[in-house]
Amino acid sequence: MTTTAVKKSDLAKVRNIGFIAHIDAGKTTVTERVLFFTGETYKIGDIDEGTTVMDFMSLERERGITIGSAATNATWDGHQVNIIDTPGHVDFTAEVERSLRVLDGGVVVLESVSGVQPQSETVWRQADRYKVPRMVFVNKMDRLGADFDYAVGTLHSRLGANAVPIQIPIGAESEFRGMIDLVKQCAYVYDSGDAVAHSVVEIPADMIEQAHEARQHLIEKVAETDDGLMEKYLEEQEISEAELRAALRRATISMKIFPVLAGSALRHRGIHPLLDAVIDYLPSPLDVPPILGFDPSDEEKKLERHPDPDEPLSALAFKVVTDQHVGRLVYVRVYSGMLETGTPVYNPSTRARERVGRLLKMHADSREEVKFAGPGEIVAAIGLRGAVTGHTLCDQANPIVLEAIKFPDPVISVAVEPKTRTDQEKMTEALVRLVDEDPTLQTYTDPESGQTVLAGMGELHLDVIIERMRREFNVEATQGQPRVAYRETLTKISERQGKFIRQTGGHGQYGDCTLRLEPLPMGSGIQFESEITGATLPREYHGPIEAGFREAARTGILAGYPVVDIKAVLTDGSFHDVDSSEMAFKIAASMAFKSAMEHAAPVLMEPVMRIEVITPAEYLGDVIGDLNSRRAQIQSMDQRGEVQEVKAFIPLAETFQYATQLRSLSTGRASFAMELDHYEPVPQHVAQAIIGKK
C-alpha cells in the first residue's frame with residue numbers, strides 16, 4: 001500500500017501537542033494565534049468577543065472559559081501539528097487527563113505575574129504521570145507586574161522542574177518589545193504596539209552581557225545532560241547552534257530539561273518562535289517510547305506497539321462527543337497500524353467487533369473526511385457504538401489492551417428534576433449522552449427520595465451540565481442544593497461474626513463468617529483477603545462473602561455514605577451441607593461487616609480543597625476572617641507586589657457560593673483557585689449535624 005510508505009517517512013514531521021495550564025493563563029488565546037499564523041484561520045479569534053475557533057460551544061463563548069478539549073491541526077514549516085486546547089478549570093480535569101494520555105508533548109502556558117498557580121501544579125503532575133515532555137510559554141509579558149524571572153523561579157520552587165530559559169524578554173509590562181533567542185543568538189523585535197510580524201535583528205547592545213550570561217547558563221544546563229557537550233564545555237570549545245539544538249532536543253524529550261519561552265499571545269508576540277521551538281524540541285511519534293499494553297487473555301503477558309503502519313492496529317478512544325450533525329463521534333489516537341473506513345476493528349473491553357463508518361479530521365467544530373489514519377494521527381470515528389473513553393481498538397488477530405485512563409471520583413452532587421412530564425423522557429436520554437461523554441459525571445436515582453442525582457467535580461461542572469441539557473437537549477430542569485460526597489471509614493481494628501440462619505420445614509438458609517476490619521492508608525480503597533483454608537469453609541463461599549462485604553460497604557453505618565480505605569479479612573466461618581447457599585453467605589458477610597463497623601470507631605470523612613486567594617492588601621483582613629468562618633486552615637500568606645497571596649485548606653462543604661462572597665468582600669478585585677487535595681475526618685459537631693440530616 002503506497003499510503004503506508006508515505007506515512008512512515010512523514011511520522012518524523014508530526015507533532016501531537018496540547019496547551020495546558022491554569023485557568024486564565026491564556027491557552028485558548030495562544031492556540032488562536034497559532035491557527036492564525038499557520039494559515040488555518042484568516043481572522044484572529046477573541047475570547048472577550050466570543051469569536052474563538054477552539055471555544056466553539058455557545059456556553060464557552062459566553063463564559064469566556066474552555067469547557068471541552070478541542071482538537072485541531074495546523075501546518076508549520078512542513079510539519080503537521082495536531083493540537084489539543086484543554087480547559088484550565090479544575091472542574092474539567094477529566095478533559096486534561098484524557099488529552100495528556102494521547103499527547104506526545106505539551107506546552108504549559110504560565111501567566112507572567114502569578115507564575116505557577118494551583119491548577120498549573122495539577123496539570124504538571126498529570127503530565128508527569130503520563131511522561132509527557134513539555135516546554136513552558138510565559139505568557140502576558142505585557143501585563144502590569146509581569147516578571148519573567150519570578151515565573152521561572154516558581155517552576156523551580158513549586159514544581160521542582162529543571163526549567164531553563166531558551167529566550168529572555170526584551171523589556172516587560174508596557175515596555176515589552178520582543179525576545180532574545182539564546183540558541184540562535186538573535187532578537188525578535190515587534191516595531192509597534194499592534195505589530196503582527198516581527199523583525200529578526202541583532203541582540204540590542206544594552207542586553208549583550210545579560211544574553212551572554214543566560215546563554216552560558218543554558219549551555220551549562222544542557223551539557224549536564226550530554227557527555228559530548230560537557231567535554232566541549234569543560235575544554236571551553238565553541239559549541240555550534242546545531243549541536244546545542246540537538247542536545248537540547250534530546251534533553252527535552254527525556255524530560256531532563258523543560259525549555260522556557262516568553263511572549264504575549266494577545267498581542268501576537270512570541271508565537272512564531274514558539275512554533276519553531278515545538279518543531280525543534282518536542283517529540284514526534286517516533287521519539288516517544290513504544291506504547292505498552294497487555295494481552296486481553298493474559299494480563300501478565302506484556303505487549304508493546306511501535307509507531308509503524310506495518311504493525312497490527314492499536315488505537316485508544318479518548319473522548320466521546322455527541323455532534324448534532326453527525327451523531328456520536330469517538331476521538332481516537334492511532335499508535336500503530338492503519339485505521340481505515342469500512343474495516344472491522346476489535347474492542348477487547350466489550351469483546352466485540354465494530355466497524356468504522358467514517359473517519360474525520362477535526363478542526364474544532366468543523367471537519368474533513370479522510371479514508372485512513374496512520375500512527376501518530378488523531379481522528380474522530382463515526383460508527384463505533386460500543387467504544388467509550390479509555391477503550392482500546394485493535395486488530396482481532398493481534399489483540400492488545402492499552403493502559404486505560406484513570407479519572408477522579410466526583411466530589412459534589414445535586415438532585416435534578418424535570419419541570420414537566422414531557423421533560424422526563426428527554427432528561428433521561430440527555431443524561432445518558434452526557435455521561436457517555438464525560439467520565440467524571442455520574443448519575444443515579446436516590447433510593448430514599450426517588451430523585452435523579454447528578455454527581456460531578458464542582459459547582460461549575462454541574463452548572464454547565466444542567467445548562468447543556470437545556471440548550472442541546474431542550475430539557476428544562478430544576479436543581480436542588482449541592483451536596484458533598486462524604487465518605488466513611490474506621491479508625492481501629494474490629495472483628496465480628498455474622499450468622500444468617502433460617503431453618504424452615506424444608507430447605508433452609510445457613511451462612512456463617514467472621515470478618516476482621518482494618519483501617520488502611522488514605523486512597524487505598526477497599527480490599528478483601530482470606531486467612532482461612534478451604535477445609536474450614538469451601539472456597540466457593542469466599543466469593544459471595546467478598547461480594548456481600550463490598551455491597552454492604554457502599555452504605556456506611558453513620559450516615560449511609562460509602563465506606564473507603566478499609567480491608568476485610570475473612571478469619572473464620574462454618575457451613576451446612578444442605579442449607580448453605582451463596583445468598584446466605586452474602587447476607588452473613590453484610591451482617592458481620594455492619595457489626596464490625598459499629599465497634600471500629602467509624603468516622604465521617606469530608607473532601608478538603610486546597611485554595612489560593614489573591615487579594616489586594618486592603619481586603620486581606622476581611623478575606624482571612626471569611627476563610628476562618630468557613631473552617632479553613634490558613635497555610636501561608638505572601639506579599640507579592642501590591643497583592644497578598646493566601647494559601648489554605650478549606651472543606652468543600654464550606655465553599656458553596658464562595659465566588660460571590662469573595663467578589664462582594666473585595667469589590668470584585670480578588671480572585672481564587674481551588675482543587676481537591678485530600679479527605680479528612682469531619683469535626684464532631686459538624687458530623688452530628690450531617691448524621692442528623694440523614
Kindly indicate, with the supporting measurements, whether the criterion side chain to side chain contact (heavy atoms under 4.5 Å, CB included) is fulfilled by Arg610 and Lys647.
-> CA-CA 7 Å; Arg610 184 156 52 117; Lys647 289 183 183 175; over 6 Å; no
Minimum side-chain heavy-atom gap Val646-Ile634 below 4.5 Å | yes
Test side chain to side chain contact (heavy atoms under 4.5 Å, CB included) on Thr75 and Val81 and set out the steps.
-> CA-CA 6 Å; Thr75 308; Val81 185; over 6 Å; no
Electrostatic pair Arg129-Glu403, nearest N-O below 4.0 angstrom = no
Inspect the surroundings of CD in Glu299 and state if more than 12 heavy atoms from other residues, nucleotides or ligands are less than 6.0 Å away.
-> no
Under 3.5 Å: donor-acceptor pair, side chain of Asn162, backbone of Lys256 | yes
Flag if over 12 foreign heavy atoms under 6.0 Å of CG, Asp638 = yes
Look at the side chain of Asp181 and the backbone N and O of Tyr188, then say whether any donor-acceptor pair between them is shorter than 3.5 Å.
-> no
Minimum heavy-atom distance between Arg143 and Glu173, given as atom pair plus value = O-CG, 3.3 Å
Output the distance between atom CG (Asp128) and atom CZ (Arg125), rounded to the nearest 0.5 Å.
-> 9.5 Å
Exam field: side chain Asn16 to backbone Gly376, donor-acceptor pair closer than 3.5 Å = yes
Could you give the distance from CD (Gln80) to CG (Leu11), rounded to the nearest 0.5 Å?
-> 10.0 Å
Flag side-chain contact, heavy atom, 4.5 Å: Ile17 against Leu103 | no
For Phe176 and Arg269, work out which heavy atoms get closest and say how close.
-> O-NH1, 2.6 Å
Do Lys13 and Ser284 come close enough that some side-chain heavy atom pair is under 4.5 Å?
-> no
Quick one: closest heavy-atom pair of Ala223 and Tyr233, and the distance?
-> CB-CB, 4.2 Å
Should we say atom CD of Gln237 is surrounded by more than 12 heavy atoms from elsewhere, each under 6.0 Å from it?
-> yes
Exam field: side chain Thr225 to backbone Val222, donor-acceptor pair closer than 3.5 Å = yes
Say whether, by atom type as modelled, one donor and one acceptor occur between the side chain of His79 and the main chain of Asp77 under 3.5 angstrom.
-> yes
Can you tell me how far CD1 of Ile170 sits from CD of Glu175, rounded to the nearest 0.5 angstrom?
-> 12.5 Å
Would you tell me whether Asp191 and Ser199 have side-chain atoms, one donor and one acceptor, within less than 3.5 Å of each other?
-> yes
Phe649 and His678 aromatic centres sub-6.0 Å = yes
Closest approach of Val152 and Ala163, non-hydrogen atoms and distance?
-> CG1-O, 4.3 Å
Using the test salt bridge (charged side-chain N to carboxylate O under 4.0 Å, His left out), find all partners of Asp142 that sit at least two apart in sequence or belong to another chain.
-> Arg267
So do Ser336 and Leu313 actually touch side chain to side chain, heavy atoms under 4.5 Å?
-> no
Side-chain atoms of residues 202-215: list all donor-acceptor pairs with protein atoms under 3.5 Å, sequence neighbours left out, distances to 0.1 Å.
{"residue": "Arg215", "atom": "NE", "partner": "Leu182", "partner atom": "O", "Å": "2.7"}

Decide side chain to side chain contact (heavy atoms under 4.5 Å, CB included) for Ile166 and Leu248; before the verdict, give the C-alpha distance in whole Å, the side-chain angles of both, and the deciding distance to 0.1 Å.
-> CA-CA 10 Å; Ile166 60 170; Leu248 182 55; 3.6 Å; yes
Partners meeting side-chain hydrogen bond (donor to acceptor under 3.5 Å, both in side chains) with Ser240 (sequence neighbours left out) | Glu243
Between Glu231 (side chain) and Gly228 (backbone), is there a donor-acceptor pair under 3.5 Å?
-> no
Within 45 degrees of the axis of the six-membered ring of Tyr335 and under 6.0 Å from its centre: does Arg333 put its NZ or CZ there?
-> yes
Answer yes or no: is there a side-chain heavy-atom contact under 4.5 Å between Phe148 and Val260?
-> yes
Between atom OG of Ser264 and atom CZ of Arg177, what is the distance when rounded to the nearest 0.5 Å?
-> 14.5 Å
Does some side-chain heavy atom of Ile239 sit less than 4.5 Å from a side-chain heavy atom of Leu229?
-> yes
Flag the pair Glu238 and Lys232 as a salt bridge only when some basic side-chain nitrogen lies within less than 4.0 angstrom of an acidic carboxylate oxygen.
-> no
Would you mind telling me which of Ile253, Val132, Val107 makes a side-chain contact (heavy atoms from CB on, under 4.5 Å) with Leu282?
-> Val107
Would you name the heavy atoms of Lys140 and Ala146 that are closest together and state the gap between them?
-> O-CB, 3.9 Å
Side-chain contact test, heavy atoms from C-beta onward, threshold under 4.5 Å: evaluate it for Tyr150 versus Ser112 and give yes or no.
-> no
Rounded to the nearest 0.5 Å, how far apart are CH2 of Trp76 and CD1 of Ile83?
-> 11.0 Å
What are the two closest heavy atoms between Met141 and Ala262, and how far apart are they?
-> CG-CB, 4.1 Å
Kindly indicate whether the side chain of Val401, heavy atoms from C-beta on, has any atom under 4.5 Å from the side chain of Thr392.
-> yes
Please confirm whether Arg134 makes a cation-pi placement over Trp124, using NZ or CZ under 6.0 Å from the six-membered ring centre and within 45° of the ring normal.
-> yes
Checking His156 side chain against Ala161 main chain: does a donor-acceptor pair fall under 3.5 Å?
-> yes
Hey, mind stepping through Val136 and Leu261 against side chain to side chain contact (heavy atoms under 4.5 Å, CB included) and telling me if it holds?
-> CA-CA 6 Å; Val136 181; Leu261 301 92; over 6 Å; no
Step through the shown structure and confirm whether more than 12 heavy atoms of other residues, nucleotides or ligands are within 6.0 Å of NZ on Lys302.
-> yes
Atom CD of Glu241: over 12 foreign heavy atoms under 6.0 Å | yes
In terms of side-chain geometry, is the basic nitrogen of Asp287 or Arg249 positioned less than 4.0 Å from the acidic oxygen of its partner?
-> yes
Using a cut-off of 6.0 Å, state whether more than 12 heavy atoms not belonging to Met637 lie near its atom CE.
-> no
How far does CG of Leu244 sit from CG of Leu218, to the nearest 0.5 angstrom?
-> 5.0 Å
